[in-house]
Amino acid sequence: MRTDYEYIVVGLGGIGSAAAYRLARRAGSDVLGLEQFELGHDNGASQDHSRIVRLSYHAPAYVRLAKGAFAAWRDLEEDSGRDLLVTTGGLDLSPAGTGEDLSIYTSSLEEEAVPFELMDAYEVMRRWPQFRLSEDVTGLFQEDAGIAPAALCNATHAELARRHGATLLERKPVTSIAVSDGELEVAAGDTRFRGRKLIVAADAWTNEVLAPLGARLPLRVTQEQVTYFRAPSDEFGPERMPVWIWLGDPCFYGIPVFGEAGIKIGQDVGGAEVTARSRTFDIDEAALKRVAGFASEHLPGAAGDIIRTKTCLYTMPPDRDFVLDQVPGRPGVYVAQGAAHGYKFAAVFGKILAELAVDGRTEHDLSPFGFDRKFEPALF
Ligand SMILES: Cc1cc2nc3c(=O)[nH]c(=O)nc-3n(C[C@H](O)[C@H](O)[C@H](O)COP(=O)(O)OP(=O)(O)OC[C@H]3O[C@@H](n4cnc5c(N)ncnc54)[C@H](O)[C@@H]3O)c2cc1C
């Protein structure tokens, strides 16, 4: 087995498979990807029918990066010959009192010259009668939003990485990383690989992977869940209904009928703190009740049968900003951490990570995403 590579990626979930793909486009067979489970497994954060993609964000840096993400997804579509993103438009809903201040979204969009519409609850319900809202709710509609079919996108990144020459190995848990003679030695099972540049895209396992290098991020892991509620696709399908986020406290989000015979609803940070090893796949009944309550109040046409509830992990620094940086004091070792809203950026993360590893630089502004920054409490 070949054990010497220029570039090694640890973790082949949403972000790692994108990094392996982008590296393989630049360096072909000099790329190795190592995944502790099988490709497409369900133990991490990226494997479901759908993830929301959107330009609407609370800070201009995110809007800019989201534009780059859309371009990178389109690039993947072109290279694979596969249509991936489904455009639905996106609705941010903010209830007065407990809701987030939409002006941080509108000013960020204005700064980046992205068009949007602000509307009252009556206009939201006129255009999307699936919603039942009280009059204190304000809506922000932005048309460049929709669905990334996550499982298919991950498989496409991995398939194309291989087609461009990368070696992707499954069931290869990385157990140690050492620097020897200026090179990196990565142990996975009983094999030792050598490489010059390393990308760590291990999400809930990030600190385990980094521990041998003496590096650590202040990450919190929670066990989250999403529920699919049966709904008629003519009324609740992606042609008729946008992806949406309820920017209240608690915060909920949802996706029209896609991949299952029903809409998907989740609560943002609605689950208990766990670790990647202590998590279970058990359903949190209290969290399910909150989501079902939200559905019956605001989406009454889809508040009936539950098709299934699926658990998943959130991994977040305190400020919920990404980490996309070189590990301090470890030249050639890079970390990508998606702060539990990073899927939509996976394609551009892959591009940026490949640029950092190959060129040592990227044109994207990564200053908000430093490893060594002061981590303040989240703004959202
Ligand atoms: C319920 C839910 C809903 C979400 N909704 C959205 C959304 O709508 N839009 C959005 O943008 N984001 C969303 N997110 C967040 C987004 O999904 C994550 O930020 C993103 O998927 C993280 O990707 P990742 O590749 O870092 O993590 P993962 O997909 O978990 O990949 C990490 C990989 O590293 C591997 N690994 C770890 N340790 C090792 C090791 N030692 N050796 C080898 N391999 C290792 C793991 O097995 C895993 O495959 C959601 C998350 C959840 C849980």
Side-chain angles (χ1 to χ4, degrees), residues 14 44-59 62-63 66 69 88 90-95 97-102 104-105 108 131 133 137-140 142 145-148 150 203-204 219-229 241-256 258 263-274 279 283-299 302 309-322 337-346 375-380:
S46 305
Q47 202 70 13
D48 197 0
H49 300 300
S50 53
R51 289 286 183 262
I52 292 175
V53 292
R54 58 186 160 105
L55 284 184
S56 177
Y57 251 94
H58 62 284
Y62 277 105
V63 181
T88 61
L91 198 51
D92 297 321
L93 297 166
S94 182
T98 67
E100 254 190 78
D101 179 1
L102 285 178
I104 57 174
Y105 289 76
S108 304
F131 288 99
L133 306 173
V137 174
T138 305
L140 185 168
Q142 207 292 313
I147 303 166
D203 209 31
L219 297 177
R220 183 163 74 101
V221 180
T222 60
Q223 182 168 318
E224 303 294 325
Q225 61 191 33
V226 293
T227 298
Y228 288 89
F229 292 87
M241 190 183 177
V243 296
W244 56 270
I245 302 180
W246 178 265
L247 293 168
D249 183 14
C251 170
F252 297 94
Y253 58 88
I255 292 188
F258 187 83
I263 61 169
K264 173 165 124 177
I265 307 183
Q267 182 188 340
D268 185 50
V269 203
E273 193 157 343
V274 293
R279 70 82 57 92
I283 293 169
D284 176 341
E285 294 295 339
L288 176 56
K289 218 169 152 190
R290 286 194 293 276
V291 164
F294 181 89
S296 67
E297 190 176 348
H298 297 295
L299 290 159
T309 295
K310 181 182 189 303
T311 62
C312 183
L313 295 178
Y314 262 22
T315 305
M316 305 156 281
D319 56 13
R320 276 201 88 174
D321 284 326
F322 304 145
Q337 208 291 306
H341 59 112
Y343 191 85
K344 65 186 74 59
F345 298 93
F375 289 91
E376 307 279 5
L379 270 180
F380 69 105

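The residues of the chain are indexed from 1 along the displayed sequence.
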Quiz item: With ring centroids as reference points, do W244 and Y253 lie under 6.0 angstrom apart?
Solution: no
Exercise. Determine the interplanar angle of the H298 and F294 rings, folded into 0 to 90°, and report it as parallel if under 30°, tilted if 30 to 60°, perpendicular if over 60°.
Key: tilted
Quiz prompt | Heavy-atom closest contact (L93 atom, F131 atom, distance) | solution = CD1-CE2, 3.9 Å
Quiz item: Could you give the distance from OG1 (T222) to CD (E273), rounded to the nearest 0.5 Å?
Solution: 8.0 Å
Self-check item: Minimum heavy-atom distance G254-I52, with the two atoms named
Solution: O-CD1, 3.9 Å
Quiz prompt | Closest approach of G14 to A346 (non-hydrogen atoms, all atoms of both residues) | solution = O-CB, 3.7 Å
Quiz item: So, do Y314 and V221 sit near enough that their side-chain heavy atoms are less than 4.5 Å apart?
Solution: no
Practice problem: Please confirm whether Y105 and Y57 have ring centers closer than 6.0 angstrom. | Solution: no
Quiz item: Does a side-chain heavy-atom distance below 4.5 Å link D268 with R320?
Solution: yes
Self-check item: Least distance between heavy atoms, F229 atom then A292 atom
Solution: CZ-CA, 3.9 Å
Quiz prompt | Reported CD1-to-OG distance for the pair I147 and S50, which is rounded to 0.5 angstrom | solution = 6.0 Å
Quiz item: How many angstroms lie between CG in L313 and CG in D203, if you round to the nearest 0.5 Å?
Solution: 8.0 Å
Quiz item: Does a salt bridge link R54 with D92, judged by any charged N lying under 4.0 Å from a carboxylate O?
Solution: no
Quiz item: So, K289 and D284, do they make that salt bridge, N to O below 4.0 Å?
Solution: no
Self-check item: Side chains of V291 and K264 in contact at under 4.5 Å (non-hydrogen atoms)
Solution: no
Self-check item: R290 versus G270, closest heavy-atom pair with distance
Solution: NH2-O, 2.9 Å
Quiz item: Will you find, in the side chains of R220 and T315, an N or O donor that is under 3.5 Å from an N or O acceptor?
Solution: no
Exercise. Report the C-alpha distance between F322 and H341 in whole Å, list the side-chain angles of each, state the deciding distance to 0.1 Å, and finish with yes or no for ring-ring contact (aromatic ring centres under 6.0 Å, His included).
Key: CA-CA 9 Å; F322 304 145; H341 59 112; 4.6 Å; yes
Exercise. Take Y343 and S46 through the test side chain to side chain contact (heavy atoms under 4.5 Å, CB included) and record every step on the way to the result.
Key: CA-CA 7 Å; Y343 191 85; S46 305; 4.0 Å; yes
Quiz prompt | Test side chain to side chain contact (heavy atoms under 4.5 Å, CB included) applied to F252 and I245, step by step | solution = CA-CA 6 Å; F252 297 94; I245 302 180; over 6 Å; no
Quiz item: Should L102 and E100 count as side-chain neighbours, where that means a heavy-atom distance under 4.5 Å?
Solution: no
Exercise. Give a yes or no answer on whether the side chain of T311 reaches the backbone of E224 with a donor-acceptor pair at less than 3.5 Å.
Key: no
Quiz item: Out of I265, V226, V243, which residue meets the side chain to side chain contact (heavy atoms under 4.5 Å, CB included) rule with I255?
Solution: V243
Quiz item: About how many Å separate CZ of R51 and SG of C312, when rounded to the nearest 0.5 Å?
Solution: 5.0 Å
Quiz item: Under 6.0 Å between the ring centres of F258 and Y228?
Solution: no
Quiz item: Closest approach of A339 and M316, non-hydrogen atoms and distance?
Solution: O-CG, 3.8 Å
Self-check item: C251 SG to W246 CH2 distance, which is reported to the nearest 0.5 Å
Solution: 10.5 Å
Quiz prompt | Interatomic spacing from CD in Q337 to CG in L219 - rounded to 0.5 Å | solution = 5.0 Å
